[in-house]
Structure formats: structure tokens, C-alpha cells
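Worksheet: one structure, shown below.
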2 protein chains.
Amino acid sequence: MIDSVDKSILKLLQSDAKLTIKEIGNKLNLSATPIFERIKRLERSGYITSYKALIDRKKVGLSLMVFCDISLNQHHASHIAKFEKDIQQFNEVIACYHIGGSFDYLIKVVAKDMDEYQNFVSKKLASIDNIRKVQSSFVMREVKTPIGLPIN
Amino acid sequence: MIDSVDKSILKLLQSDAKLTIKEIGNKLNLSATPIFERIKRLERSGYITSYKALIDRKKVGLSLMVFCDISLNQHHASHIAKFEKDIQQFNEVIACYHIGGSFDYLIKVVAKDMDEYQNFVSKKLASIDNIRKVQSSFVMREVKTPIGLPIN
DNA sequence: AGTGAAATTGCAGTCAC
DNA sequence: GTGACTGCAATTTCACT
């Protein structure tokens, strides 16, 4: 289990992974060693899964982001597995969630422009049989860009 | 503009921000200084927006993740602005997108359990007037967890 | 301008207490 | 938990192409 100091460390690191151990120690009124060991423990025990640089999507030319709701025809385990395997191979798909409700999957897709997106839908997505229905929602604006998880 | 070496650096750093400059240099057959300069340039010019530690959602007790499609009653600029201001104040909301299609917004919500989620919907979300309809899709499984952007 | 080599600073990681 | 110590990476300077 983790205590409040650990939680503070998680909050700080998920907002800025470049904080040095010293800086974190200053903020939490602790010396470097305990901070260092706590971070290592949080990494080993899987609370911190990875460190990543965030890239500006539009800067790298991916001006389009789209959420697609997808429903399948067949829901047997083998069909599910095949769909998930297929969908992951497309690099335009940057996230895929199996959801409950009126649709089966929600996927997050990025593309350079509408042509590329059209190509993804009509060539790649359409090549997967078992898809019954696709509903695209284009992102017009990111009101709140993913900051991280709320940690109490 | 960025060249193929810059793109390789972006790809490496978005998969693992802890890579040292030396390691990157080895992978790309370059010495430390040019890698260092390029990274600084990518940071200054906004290609790299930040560095973050990724936290395991379930480890920190947030077992529920839900996507909510929301449609509004009023679409005048002032109503839009108010909704966006209100929705951002809830820390359960970890992302919010203004979308086109049958709904107006897609929000990503996390909660400890169903009680907390119910409380969010019935107390917090319901306190915003101007909401016409909310449709929740519970995430049952993350098939492809956000890896980063496809960089060519 | 961009590269590689050398020198310096400061942090990561270890140890004694 | 604190404080001192070591090694190495990050960062700066410089010569070269």
C-alpha cells in the first residue's frame, strides 16, 4: 500500500517527469534518499508504468483526430479476438477500448488529413469483416487534454 | 521543419522518456551533442510538449473508466463556454473533446467504483444545466492502451 | 550549421549512520 | 529517515568539416 507521500510523488511525476529527486524532496520537505527509494518502489510495484514524452499532434502533421464507435456482427470469443488483433495492427489507431452499451468498441484514430482518414475507413477498417456499424465523431477541439489521473 | 533523425528521436522519447542521450545516440549512430541539441530544439519549438510519468489506473484504485457522450440544449457561444468551464472543474473528468456528429462532447471519466461514478453523474454532472442528454459507455477492457502518435 | 571530442557541473544511486 | 561519497550523464565549450 502507498501513503500520502507516495501519492504526492505520483502527482508530481505525472505532471512533470523531469523533476529531479532534489526538487521533489524540497517540495515535500524530505531529503533525496527517501524520495529516490520511494520512486524506485513505485516503479517496481507497478504504480508507475512508464515515462513518456508527449508529442504535439498537430506539429507532427496529424491534424485529424476521430473517435469511432464500432459494433460487431458476431460476438463469439474467436471473432472478438480476431477483431482486436486486426484493429491493433493499424497505426492510425492509437487507442482501443472494449466498451459496454450500444456499441462494442471505441477506437481513437489520428490521421494527416481527410484523405488519409477516408483511406483508413474505406480500405483498412472495411477490410475487417464482422463490423456491423461504424460511427465517427470528429474531434473539433480538445477542451481538456489528458492531464493524468486524479490522485487523492 | 524536422528531418528523419528528429522523427526517430521523437519516436524513441515518446516510448521511453528515460532513454539517455547516449543511448539514443547509439541507436541512431550519432554522438551525444547533436542528439542533445536536437532534443532541446524539439522542446523549444513545441514538438515535445512535456514529459510525464504514466500511472497504473487500477493500482491507484480507479477501477472504473467511462466515456460519456453529452449533447447540449443551447449552442450559443456563451453556453458553450460555460459548459466547458464547468466540466473542467471536476477532477473525475480526465479528458474532454468537443466533437462533431450526433453528440457535442465526449468526456473521459474515472472513478473508484460505481457509487462514486453515480455520484458524479447525479450530483456533479446533473448540476450543469444545459445538458440535454448523456450516454455512458463503460470501459470493460483496454484493448490498445494509448502508446503515442504514429510518426513516419 | 552541424558534428565530434574534451572538460565541467550536477544529479542518480549507494553507503554509513 | 539524514548526510557524505562515487560514478556517470547532462550540459557547456571548443575545434573541425
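Naming convention: chains lettered A, B, ... in sequence-line order (proteins, then strands); numbering from 1 in each chain. A quick note: this is a predicted structure, and the numbers were derived from the prediction, not measured.
In this entry the distance linking NZ of B:Lys18 with C1' of D:dC8 reads 15 Å, nearest Å. The CG atom of A:Asp6 sits 14 Å away from the C1' atom of D:dG1 (whole-angstrom rounding). Summarising the geometry, the separation between CD1 on A:Ile35 and P on C:dT14 is reported as 16 Å, rounded to the nearest angstrom. Whole-Å rounding puts the A:Glu37 CD to C:dG13 P distance at 12 Å. Atom CG in B:Leu19 sits roughly 16 Å away from atom P in C:dA12 (whole-Å rounding). Summarising the geometry, the separation between CZ on B:Phe36 and C1' on D:dA9 is reported as 11 Å, rounded to the nearest angstrom. When rounded to the nearest whole Å, the span between CD1 of B:Ile24 and P of D:dA9 equals 13 Å. B:Glu23 places its CD atom 13 Å from the C1' atom of D:dA10, with the value rounded to the nearest Å.
Counting only heavy atoms from C-beta on, B:Ile21 has its side chain closest to D:dA10 among D:dA10, C:dA12, C:dC11. Side-chain proximity of B:Arg38 to C:dT3, D:dG1, D:dA9: nearest is C:dT3.
Considering only heavy atoms from C-beta on, B:Arg38 comes within 4.5 Å of B:Asp3 through its side chain. Using a 4.5 Å heavy-atom cutoff, the side chains of A:Tyr117 and A:Val66 are in contact. Side-chain contact check for A:Ile70 versus A:Phe103: every heavy-atom pair is 4.5 Å or farther apart. Inter-residue side-chain proximity for A:Ile24 and A:Lys27 is flagged as unmet; no heavy-atom pair is nearer than 4.5 Å.
Contact check, B:Lys40 against D:dT11: a side-chain N or O comes under 4.0 Å of OP1 or OP2.
Listed by first then second residue, pairs satisfying salt bridge (charged side-chain N to carboxylate O under 4.0 Å, His left out) with a partner in residues 53-75 of chain A read A:Arg57-A:Glu142, not counting sequence neighbours.
Using a 3.5 Å distance cut-off with no hydrogens or angles, the side chains of A:Tyr97 and B:Ser137 do not pair a donor with an acceptor.
None of B:His75, B:His98, B:Arg132 except one satisfies the side-chain hydrogen bond (donor to acceptor under 3.5 Å, both in side chains) rule with B:Asp104; the exception is B:His75.
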Between the protein and nucleotides 2-4 of chain D, list every N/O to N/O distance that falls short of 3.5 Å.
from	atom 1	to	atom 2	distance (Å)
D:dT2	OP2	A:Ser31	N	2.8
D:dT2	OP2	A:Ser31	OG	2.4
D:dT2	O5'	A:Ser31	OG	3.4
D:dG3	O6	A:Thr33	OG1	2.8

